Amino acid sequence: MELTPINKLLDLTSKVAIITGGARGIGFGIAFRFAEAGAKVTIADIDKEKADGATQQLKAKGWQAAAVACDVSKADEVGNMVAETVKTFGSVDILVNNAGIFPNILVMNMREEDFDKVIDVNLKSVFLCTQKVARQMIKQGNGGKIINITSIDALHPSSAGLAHYDASKHGVWGFTKNAALELAPHKIWVNAIAPGGIATPGVEKVQKSLELPQGVDMQKLIESFMAKIPMKRMGEVDDIGKVALFLASDMASYITGAQIVVDGGVLLS
Ligand code: NDP
């Protein structure tokens, strides 16, 4: 049997990828590895200026990238994101549903709009982007890869104050499996990555905004969190970028409807 050489398996040349929330954090880590593997990358983010900056970093390496402003919870902006990508690069072959928010609010203090916002940005967006991109992929007729960034909170709660977030991420995991079933006949493989604690600007922002009860020290809280991680370190964005590259590539030729946990072993503790 003739086996495809390893460098060809990881080669994304000729592929076009959209990464939502790709201007920073995990999304940028994924965009970096995809661009390095040869993909043409659309960085879609709510903040156009940040998306432009991220795109410049990839272009400075000689890679191909474009920025699109998109609030993933708005259907018309998602439609524009797909249309702009097709106009710029000619197709869409890979979608990473990464954009997400994780404000910490106890259920007892949560307003209806707090709940709706998290569900819209984290869950409804996955439906909107998947539908628009899958229609494009079906039209192209060459299949495709859809990767949803869930969380270990799709499986087990990590802390109080994230009930809306956990509901959204459980929802994305359910959506992933059902969309995988529906889209398999079109050779569109749909999978999820469930990160544990990854050091990103978003996590830093949440840590700074947390209202701690009197006498509770943030440093001590971080130390007790780290103590629960068997690998004894926070994840880095590239820990997720590498797994996303695996799922987007021909390395993952027989995987759909799966969720890969990338958490340094934290769910074991
Ligand atoms: P960051 O906040 O660092 O980056 C997310 C990016 O998405 C930001 O550029 C943000 O813009 C953008 N964004 C926010 N809302 C929207 C929107 N409505 N439309 C388009 N873009 C938007 O987050 P992370 O990199 O930490 O997280 C990325 C994903 O990974 C999320 O889905 C998160 O739930 C998931 N995850 C993260 C973990 C972690 O420990 N970091 C753990 C488990 C899962 P802006 O900065 O302007 O808000």
Side-chain angles (χ1 to χ4, degrees), residues 18-32 42-55 57 67-82 95-104 116-129 132 147-159 161-162 164-173 175-176 192-209 222 225-226 228-229 233-241 243-244 259-264 266-267:
I18 296 176
I19 295 131
T20 70
R24 68 177 198 181
I26 291 173
F28 184 68
I30 295 170
F32 190 95
T42 291
I43 291 190
D45 203 282
I46 197 159
D47 184 332
K48 177 69 163 47
E49 216 173 292
K50 260 196 294 139
D52 280 333
T55 303
Q57 287 186 57
V68 174
C70 175
D71 177 343
V72 288
S73 65
K74 306 230 163 81
D76 56 337
E77 297 192 24
V78 169
N80 179 60
M81 170 187 87
V82 176
L95 165 68
V96 183
N97 284 311
N98 163 78
I101 53 174
F102 31 91
N104 194 291
D116 285 347
K117 172 104 200 255
V118 167
I119 296 296
D120 283 357
V121 174
N122 293 4
L123 177 58
K124 190 174 87 174
S125 66
V126 174
F127 153 64
L128 293 173
C129 295
K132 287 271 187 298
I147 301 165
N148 298 327
I149 306 302
T150 54
S151 167
I152 50 169
D153 281 60
L155 297 161
H156 191 82
S158 58
S159 80
L162 290 174
H164 50 353
Y165 179 76
D166 289 17
S168 74
K169 294 296 185 177
H170 275 71
V172 176
W173 175 214
F175 184 90
T176 301
I193 299 173
I198 311 294
T200 65
V203 166
E204 210 177 302
K205 194 168 103 187
V206 167
Q207 276 172 354
K208 282 194 184 133
S209 70
I222 293 174
F225 177 76
M226 293 287 263
K228 284 193 209 136
I229 307 174
R233 68 168 176 89
M234 283 285 282
E236 295 163 6
V237 295
D238 196 41
D239 290 315
I240 307 301
V243 177
Q259 178 165 239
I260 302 182
V261 174
V262 185
D263 70 343
V266 86
L267 283 183

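Note that this is a predicted model, so its numbers are computed, not measured. Whatever order the structure lists ligands and atoms in, that order sets their numbers, starting from 1.
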If we only consider heavy atoms of [X], is any one of them less than 4.0 Å away from an atom in ligand 1?
{"X": "Asp45", "answer": "yes"}
{"X": "Val237", "answer": "no"}
{"X": "Lys169", "answer": "yes"}
{"X": "Gly196", "answer": "yes"}
{"X": "Tyr165", "answer": "yes"}

So which protein heavy atom does [atom] come closest to, and at what separation?
{"atom": "atom 27 (O) of ligand 1", "answer": "Phe102 CE2, 3.8 Å"}
{"atom": "atom 40 (O) of ligand 1", "answer": "Ile198 N, 2.8 Å"}
{"atom": "atom 1 (P) of ligand 1", "answer": "Arg24 NE, 3.5 Å"}
{"atom": "atom 14 (C) of ligand 1", "answer": "Ile101 CG2, 4.1 Å"}
{"atom": "atom 45 (P) of ligand 1", "answer": "Lys50 NZ, 3.4 Å"}
{"atom": "atom 6 (C) of ligand 1", "answer": "Gly21 O, 3.5 Å"}
{"atom": "atom 43 (C) of ligand 1", "answer": "Pro195 O, 3.3 Å"}

Counting each atom of ligand 1 from 1 as listed, which ones have a heavy atom of [X] under 4.0 Å away?
{"X": "Gly202", "value": "1 (P), 2 (O), 3 (O)"}
{"X": "Val203", "value": "39 (C), 40 (O), 41 (N)"}
{"X": "Gly100", "value": "31 (C), 32 (O)"}
{"X": "Ala99", "value": "20 (C), 21 (N), 22 (C), 32 (O)"}
{"X": "Gly197", "value": "40 (O)"}

Can you check whether [Y]'s main-chain N or O pairs, donor with acceptor, with [X]'s side chain at less than 3.5 Å?
{"X": "Thr200", "Y": "Ile26", "value": "no"}
{"X": "His164", "Y": "Pro103", "value": "yes"}
{"X": "Asp239", "Y": "Glu236", "value": "yes"}
{"X": "Lys169", "Y": "Ile149", "value": "yes"}
{"X": "Thr150", "Y": "Ile193", "value": "yes"}

> Counting only non-hydrogen atoms of the protein, does one fall under 4.0 Å from atom 25 (O) of ligand 1?
Replying inline: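 So far as the 4.0 Å threshold goes, atom 25 (O) of ligand 1 is in reach of a protein heavy atom.
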Are any of the N or O atoms of [X] closer than 3.5 Å to those of ligand 1?
{"X": "Asn98", "result": "yes"}
{"X": "Ile26", "result": "yes"}
{"X": "Gly25", "result": "no"}
{"X": "Val72", "result": "yes"}
{"X": "Asp47", "result": "no"}

> Given Ser158, which of Asp166, Asp263, Asp153 fulfils the side chain to side chain donor-acceptor pair (under 3.5 Å) condition?
Replying inline: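 Exactly one candidate clears the test, Asp153.
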Do the non-hydrogen side-chain atoms of [X] and [Y] ever get within less than 4.5 Å of each other?
{"X": "Phe32", "Y": "Val237", "value": "no"}
{"X": "Val78", "Y": "Cys70", "value": "yes"}
{"X": "Leu95", "Y": "Asn97", "value": "yes"}
{"X": "Thr176", "Y": "Gln259", "value": "no"}

> Taking all atoms of both residues into account, what is the closest heavy-atom pair of Met226 and Arg233, and its distance?
Replying inline: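 Shortest heavy-atom contact: CE-CA, 4.1 Å.
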> If you take all heavy atoms of Ala99 and Gly21, which pair is closest and at what distance?
Replying inline: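 Minimum heavy-atom contact is CB-N, 3.7 Å.
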Any idea which part of [X] is under 4.0 Å from ligand 1, heavy-atom wise: side chain, backbone, both or neither?
{"X": "Asp71", "value": "both"}
{"X": "Ile46", "value": "both"}
{"X": "Asn122", "value": "neither"}
{"X": "Cys70", "value": "backbone"}

>> With salt bridge (charged side-chain N to carboxylate O under 4.0 Å, His left out) as the criterion, how do Lys74 and Asp71 come out once you've worked through the C-alpha distance, each side chain's angles and the decisive distance to 0.1 Å?
In response: CA-CA 6 Å; Lys74 306 230 163 81; Asp71 177 343; 3.3 Å; yes
> For Asp76 and Lys132, what are the C-alpha separation, side-chain angles and deciding distance, and is it a salt bridge (charged side-chain N to carboxylate O under 4.0 Å, His left out)?
Replying inline: CA-CA 10 Å; Asp76 56 337; Lys132 287 271 187 298; over 6 Å; no
>> For Gln207, I'd like to know if atom CD has over 12 heavy atoms of other residues, nucleotides or ligands within 6.0 Å.
In response: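 More than 12 within 6.0 Å, yes.
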> Is there a donor-acceptor contact under 3.5 Å linking the side chains of Asn122 and Ser168?
Replying inline: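 A donor-acceptor contact under 3.5 Å links the two side chains.
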>> Using heavy-atom distances only, which candidate in Leu162, Ile149, Ile193, Thr150 approaches atom 44 (C) of ligand 1 most closely?
In response: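 Heavy atom nearest to atom 44 (C) of ligand 1 belongs to Thr150.
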